[in-house]
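Working notes for the structure below.
If you read the sequence from its start, that first residue is 1, and numbering goes on from there.
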Amino acid sequence: MVDPALTTPLVNLHVAKFELSAPDIRRLPADSGIEVAFAGRSNAGKSSALNTLTNQKALARTSKTPGRTQLINVFDIRENRRLIDLPGYGFAKVPLEMKKKWQKALAEYLEKRMSLKGLVLLMDIRHPLKDLDVDLINWANDCQLPTLVLLTKADKLKPGKRNSEVLQVRKKCVTMHDNIKVQAFSSLTKVGLEQATAAISDWFINIEHQELVDIEDEEEFDENE
């Protein structure tokens, strides 16, 4: 049986290019278009996942030291679409004041950015659903923000254990969020790459279509007044 997600027209994420880094939302591009944000603990492999999804070796910086992403990084993929790499949380061995600064920037972006239309939450498949991950899932549900959970480093587990872990996390996530998908992902073996690309493409395409429908409905309403 063909996975329905793989029949989705794909947005070309490979054209992504770095646009800017910002310490807070006031330095970001105009709040228009569609943004998909990537969030996760500092050791979840977020930068590696972004590089894999965009088929680029160094679009997002990777480091053996977790917590290198300290700013909100913006990657343009044309047509007023953007990928957003948010500061990692939780694990990084950095001064407390710096952690607080990152957390403030993260919270402000998530709460106030109107162009944010989808959240990709990355978790190490061996250590999923830490407290901050759960908080973020609950927040996304409150905001009715579609969420894709990528259980990274899936190559670290044998297939049976990997599938079992995905099922357990999925069962827990659906009790917290009404519009959430969970899947295994590996930047090394490319497990889950097609499905993740399809899910992100689906957000961009369907949201753009819905916004056009809403505009047409408003114009028709105005003409009938």
Side-chain angles (χ1 to χ4, degrees), residues 1-8 10 13-14 36-69 83-93 106 118-141 145-203:
M1 179 179 290
V2 177
D3 186 339
L6 300 183
T7 64
T8 302
L10 297 181
L13 303 181
H14 296 182
V36 172
F38 288 69
R41 289 171 61 83
S42 300
N43 57 341
K46 180 162 53 68
S47 295
S48 295
L50 269 164
N51 289 339
T52 300
L53 286 161
T54 59
N55 195 34
Q56 299 185 43
K57 291 183 178 180
L59 181 73
R61 292 183 178 182
T62 59
S63 172
K64 292 183 179 180
T65 303
R68 185 161 180 173
T69 303
L83 302 177
I84 307 295
D85 185 12
L86 295 171
Y89 55 81
F91 179 85
K93 295 181 179 179
L106 174 66
L119 177 68
V120 181
L121 177 56
L122 298 102
M123 296 184 273
D124 187 324
I125 194 168
R126 301 164 299 176
H127 311 289
L129 295 174
K130 299 297 185 181
D131 289 346
L132 290 173
D133 300 324
V134 171
D135 288 345
L136 199 49
I137 291 170
N138 285 323
W139 172 87
N141 184 56
L145 185 68
T147 300
L148 171 65
V149 172
L150 295 184
L151 297 176
T152 60
K153 308 182 184 182
D155 53 279
K156 302 292 186 181
L157 300 181
K158 293 182 179 179
K161 175 64 174 174
R162 177 199 309 158
N163 294 337
S164 174
E165 197 65 40
V166 170
L167 287 174
Q168 289 184 44
V169 173
R170 185 176 291 147
K171 286 179 181 178
K172 293 177 182 177
C173 285
V174 297
T175 66
M176 296 184 283
H177 197 306
D178 296 328
N179 186 3
I180 192 168
K181 296 180 179 179
V182 178
Q183 67 172 77
F185 188 87
S186 170
S187 296
L188 182 63
T189 63
K190 308 300 186 289
V191 165
L193 175 59
E194 289 182 89
Q195 292 85 352
T197 300
I200 294 168
S201 295
D202 185 56
W203 286 342

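- A distance-only check finds a donor-acceptor pair linking the side chain of Lys46 to the backbone of Leu86 [under 3.5 Å].
- Using a distance-only test at 3.5 Å, with no hydrogens or angles considered, no donor-acceptor pair links the side chain of Asp202 to the main chain of Ala198.
- Under a 3.5 Å cut-off, the side chain of Ser164 and the backbone N or O of Gly160 do not form any donor-acceptor pair.
- If you take CG on Asp155 and OG on Ser187, they are separated by 8.5 Å, rounding to the nearest 0.5 Å.
- Between the side chain of Asn55 and the backbone N or O of His14, no donor-acceptor pair lies under 3.5 Å.
- Under the salt bridge (charged side-chain N to carboxylate O under 4.0 Å, His left out) rule, Asp124 has a single partner from Lys130, Lys153, Lys156, which is Lys153.
- The shortest non-hydrogen separation linking Ala58 to Asn51 is C-OD1, 3.9 Å.
- Under the side chain to side chain contact (heavy atoms under 4.5 Å, CB included) rule, Val182 has a single partner from Glu165, Arg170, His177, Lys171, which is Arg170.
- Here the straight-line distance linking atom OG1 of Thr147 with atom CG of Leu136 works out to 7.5 Å at 0.5 Å rounding.
- When atom types are taken as modelled, the side chain of Asn141 and the backbone of Ile137 share no donor-acceptor pair closer than 3.5 angstrom.
- Of the possible polar contacts, one joining the Thr152 side chain to the Ala44 backbone as a donor-acceptor pair under 3.5 Å is found.
- A heavy-atom distance below 4.5 Å is found between the side chains of Asp133 and Tyr89.
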